[in-house]
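Letters A, B, ... are given to chains in the order of the sequence lines, protein chains preceding strands, and every chain is numbered from 1.
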Number of protein chains: 2
Amino acid sequence: MAKLASLKSEKRLLDRRAADQIRSHILEGVLPAGERLLETQLSEELEVSRGTVRSALAQLANEGLVQQVAFTRWEVSDTSTVDAWEIYTLRGAMEGLGARLAVNNVTEADGERLRAMVDELLAAIREGRFRDATDIDFGLHSAIVELARHKRLAEQHRFIVQQVRFHMVQSGFLPNDYDGLISEHKALVDAVIARDADRAERLARSHNDAEVHLLAELLKQGGRARVVREKAS
Amino acid sequence: MAKLASLKSEKRLLDRRAADQIRSHILEGVLPAGERLLETQLSEELEVSRGTVRSALAQLANEGLVQQVAFTRWEVSDTSTVDAWEIYTLRGAMEGLGARLAVNNVTEADGERLRAMVDELLAAIREGRFRDATDIDFGLHSAIVELARHKRLAEQHRFIVQQVRFHMVQSGFLPNDYDGLISEHKALVDAVIARDADRAERLARSHNDAEVHLLAELLKQGGRARVVREKAS
DNA sequence: GTTTTGCTGATTGCTGACAATCCTGCGGAA
DNA sequence: TTCCGCAGGATTGTCAGCAATCAGCAAAAC
């Protein structure tokens, strides 16, 4: 039987779709950190009931993009230095585990796919398409994690990557050492393809080390949590 | 100001409390794996509205204790071998990170507390109080993770530990090598107190290795996901 | 006998209205 | 002047009912 056009996009539950809309607004910076979210207003804009909006907000709270103050307010999460440190350290641990496990499942085709992504990354950087480059960067890491065939890890990783991206939007952060970036990714992909679990894990984990150390230093200096907000200085 | 009698139990949101009730029923095995959950029935038993039950179930779904089949049913999660492998590998990675970071914050008082827990664990095992022993065991690991002062890690760890316990209830699993258990915990605590990050991480991670390897072998043999169900054979 | 089709009861998804709670600002007292 | 308490308004929390969807069964078609 010929496969008919999927109605899935219509089929998805309303609260999920509402969450998608709000999420993308947050990740694109339309809704900035700290912004208060009113259930009534959202329900009017999205043309769904307040209960549905509530359910959507609860999902986003689980993803770490939104915070709830009981009986009082919802707001877009504000990522402090402590939060950034938490996000990056967790990311390291998860991608480390992912890379270690990926080694057991990687096929030749997977290897080719990963190498192709590194090439794309290189091309994007050479041509100055930095927005594309970060997308490919994240995609590469996610691809490796997917190879671990670990549903829970993949899901948690999605959430963490989302928070990393959100933090980058907030702080206006962009990588500066692109050459190092390329060689790091190349080495990581090589290790995965070579099925060297220890090396793959070590490389995946150390990928964020520069940021983690910077953030740890900031914390030692500042003592208390301070908000990172040097947007496009 | 003197701390007044906590109104927390009254103050907490209704859906959270509903989730607490259902959760404890699941973790105690009153609601077995695969059991269908009817919103109407739960709302009558808990004396709250269906919307509140719905919110509670959504929370439990995020914790991995419950699964939703859209438009059709809620059911208590059924933990397959694959799931168990996922849970234990994730646990290793998280507790590894936790132990590594704990090293930076551990005080003398913390060290004493950890050592006391090991002693309690030893006593419980000696006296045959195995139920207490597992509680202390989990408590010890959680205490170390708490020392990392990492909110996101602590929360994720809580969820993972919950799933570990749930899996243990389902499979009737109990540790058998209690002597090894004690020495492993002693070594881990010593490493944390000695502020040896690498050793602490390695020990924390390897704590589950026996289970992980067993599960991985089962997966290789069984090929497809099979449910572990040798309950008190 | 097997497959398809249409119905029915049950269950989940969503909505609008009501109740509980919190923040704001004003007035009065120390 | 400053602090406290207390309405009033705004916002979130909870509820009961209607709509959409699904599994199962029985009848019809081949």
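- Side chain of V48(B), nearest nucleotide from dG13(D), dC15(D), dA23(D): dC15(D).
- In this structure, of dT14(D), dT12(D), dA23(D), it is dT12(D) that holds the atom nearest to the side chain of T40(A).
- Side-chain proximity of F71(A) to the nucleotides dG13(D), dA23(D), dT12(C) is greatest for dG13(D).
- The environment of R149(A) atom CZ is sparse: at most 12 non-hydrogen atoms of other residues, nucleotides or ligands sit within 6.0 angstrom.
- Out of dT11(C), dC23(C), dT12(D), the shortest distance to the side chain of R36(B) is found at dT11(C).
- Q41(A) places its CD atom 13 Å from the C1' atom of dA10(D), with the value rounded to the nearest Å.
- Atom CD in Q67(A) sits roughly 15 Å away from atom P in dT12(D) (whole-Å rounding).
- When rounded to the nearest whole Å, the span between CG of D15(A) and P of dA19(D) equals 20 Å.
- Inspection of the D137(A) and T134(A) side chains reveals no N or O donor paired with an N or O acceptor under 3.5 Å.
- Across all strands shown, Q68(B) has heavy atoms under 4.0 Å from sugar-phosphate atoms exclusively, and none from any base.
- L37(B) places its CG atom 9 Å from the P atom of dT12(C), with the value rounded to the nearest Å.
- Among dA16(D), dC14(C), dT12(D), the nucleotide with an atom closest to any side-chain atom of S49(B) is dA16(D).
- You won't find any donor-acceptor pair under 3.5 Å spanning the side chain of R16(B) and the base of dG13(D), going by distance alone.
- R54(A) has a side-chain polar atom (N or O) that falls below the 4.0 Å cut-off from OP1 or OP2 of dG13(D).
- Between L38(B) atom CG and dG9(C) atom P there is a gap of 18 Å when expressed in whole angstrom units.
- Taking the side chain of R50(B) as heavy atoms from C-beta on, and the options dG17(D), dT11(C), dG13(D), the nearest nucleotide is dG17(D).
- Counting only heavy atoms from C-beta on, T52(B) has its side chain closest to dC15(D) among dT15(C), dC15(D), dG13(D).
- Taking the side chain as every heavy atom from C-beta outward, E28(B) and V169(B) never approach each other to under 4.5 Å.
- D83(B) and R152(A) are joined by a salt bridge, as a carboxylate oxygen and a charged side-chain nitrogen come within less than 4.0 angstrom of each other.
- Rounded to an integer number of Å, the gap from L42(A) CG to dA10(D) C1' is 16 Å.
- The side chain of E39(B) sits closest to dT12(C) out of dG13(D), dT12(C), dT12(D).
- Within 4.0 Å of L57(A), counting heavy atoms only, lies no atom of the nucleic acid at all.
- The CG-C1' distance, from L46(A) to dT15(C), rounds to 15 Å in whole Å.
- Side-chain contact between T79(A) and I87(A) is present, with heavy atoms from C-beta onward closer than 4.5 Å.
- Between atom CG of residue L153(A) and atom CD of residue E146(A) there is a gap of 9.0 Å, rounded to the nearest 0.5 Å.
- Comparing A70(A) and E47(A) by the nucleotide of DNA chain C whose heavy atom lies nearest to each, the residue mapping closer to the 5' end is E47(A).
- Distance L14(A) CG to dT12(C) C1': 14 Å, rounded to the nearest Å.
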